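Note that the structure is a prediction, hence the values are computed from the model and not measured. All values below were derived from every heavy atom in this structure, side-chain atoms included, with hydrogens, water molecules and symmetry-related copies excluded. Indexing begins at 1, ligand by ligand and atom by atom, following the structure's order.
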Amino acid sequence: MRVSGKHLRSIELADDGWSCRIIDQRMLPHRLVHAKLCSLEEVARAISEMWVRGAPLIGVTAAYGLALAMRADCTDEALTEAHRVLFSTRPTAVNLRWALDRLTKALQTACPSDRESIAYKMASKLAEEDVRCCEAIGTHGLTLFEQILQKKSHSGPLRILTHCNAGWLATVDWGTALAPIYKAQAAGMDVHVFVDETRPRNQGASLTAWELVQQEVPHSIIVDNAGGHLMQHGLVDLCIVGSDRTTASGDVCNKIGTYLKALAAADNGVPFYAALPFSTIDWTIRDGLREIPIEERTPREVTHVRGRAHDGRFEEVAITPSESTARNFGFDVTPARLVGKIITERGIADANEESLAQLYREGGESS
Ligand code: MRU
């Protein structure tokens, strides 16, 4: 995607050819700051503290983390330890496990002295694959947008509601839920995006909104509780979200609050779509509610908000009584029955086992 006329990716190999250059997403939308990750420990920290976040990007970053670990120490013990450290950074997004397992499997059978170069090659292949998948998701999603546009009774833009950030910052490029929006804009479609702020970390208000500003896509930020009201008043033509883990049966786990949007969409006859690459599908589970580990993060993200003060400094302020306790669940599961369609790089599936399996006959590998 372009930022101030320059093409940027959320992650890439730095000019030195071995360290990893990321965007420190904690600074957005106020500052575009790049950071260099030079070791396994730095990568693990960047993932767990959410300098990088979003399921596909977490997977690709972890792959580079393994490459950095192999650069420092290519023994079996170091490989096992790197897998353990990276795997423990964030529990819900299955792309992390998928990327780590894919690399580790290949590295275990390789001669230790080859491991570093194999890991870098695989990490870069994963990144390229993610870009291709996300662009294809955009193309397939656009066909759904076109169908809805033909049916809609009002004049004016196609009004799309999205939750959290499932844009290019959550992937390597393009995004998942935002990719069809970028394709629609490029095709000349008139769109307007309602952006859920997405408490507690506000990925919608800070990251999605920033992306849409950069791409000049018309949008309005709304508080998390507003979506139901907008849908009741016929102001939303479709909802589209990403996913951190989708079961083989089509249950969609995504940022906390997604389920409530799906309920409101079902109650108001608004199409509800999830956009995700194959690396987000967990073929080993069928019951999202019981089988997906839901990350619980520090209560401080609920009791405090962080932003830029008028003098330009970043500040964190308390918004709750200091005596109150808080719980901070990061994700929820939208049952398949509330998901209209699942948009993947392979095409569009219904949210059920048969339809997903039909798209991925050989059980999950896309390219
Ligand atoms: O906690 P985050 O910011 O990593 O959560 C991100 C989301 O929930 C996204 O919607 C999801 O990863 C899909 S992104 C392509």
Original post:
When you measure from the centre of the six-membered ring of Phe272, is the NZ or CZ of Lys261 under 6.0 Å away and within 45° of the axis?
Top reply: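 The answer is no, since Lys261 fails at least one limit relative to Phe272.
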Subject >> Trp168 six-ring face occupied by Arg9 cation (under 6.0 Å, within 45°) >> reply: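 Because its charged atom misses either the 6.0 Å distance or the 45° angle limit, Arg9 does not stack over Trp168.
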Original post:
Once you round to the nearest 0.5 Å, how far does CG of Leu32 lie from CH2 of Trp210?
Top reply: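 Answer rounded to 0.5 Å: 5.0 Å.
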Subject >> Within 6.0 angstrom of Lys152 NZ, more than 12 heavy atoms from elsewhere >> reply: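 Buried by this count: over 12 neighbours within 6.0 Å.
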Original post:
For the residue pair His30 and Phe314, does the interplanar ring angle fall in the parallel (under 30°), tilted (30 to 60°) or perpendicular (over 60°) class?
Top reply: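 Plane angle over 60°, so perpendicular.
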**OP:** Taking only heavy atoms of the protein into account, state which residues are under 4.0 angstrom from an atom of ligand 1, in chain and number order.
**Re:**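 Within the 4.0 Å shell of ligand 1, which is judged on heavy atoms, sit Met50, Arg53, Gly54, Ala55, Pro56, Arg90, Cys164, Asn165, Ala166, Ala170, Thr171, Thr176, Gln203, Gly242, Ser243, Asp244, Asn254, Lys255, Phe331.
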For residues 107-115, please give each side-chain donor-acceptor pair under 3.5 Å, one per line with the distance, not counting sequence neighbours.
| from | atom 1 | to | atom 2 | distance (Å) |
| --- | --- | --- | --- | --- |
| Thr109 | OG1 | Ala106 | O | 3.1 |
| Arg115 | NE | Leu107 | O | 2.8 |
| Arg115 | NH1 | Cys74 | O | 2.8 |
| Arg115 | NH1 | Asp76 | OD1 | 2.9 |
| Arg115 | NH2 | Asp76 | OD1 | 2.7 |
| Arg115 | NH2 | Leu107 | O | 3.4 |

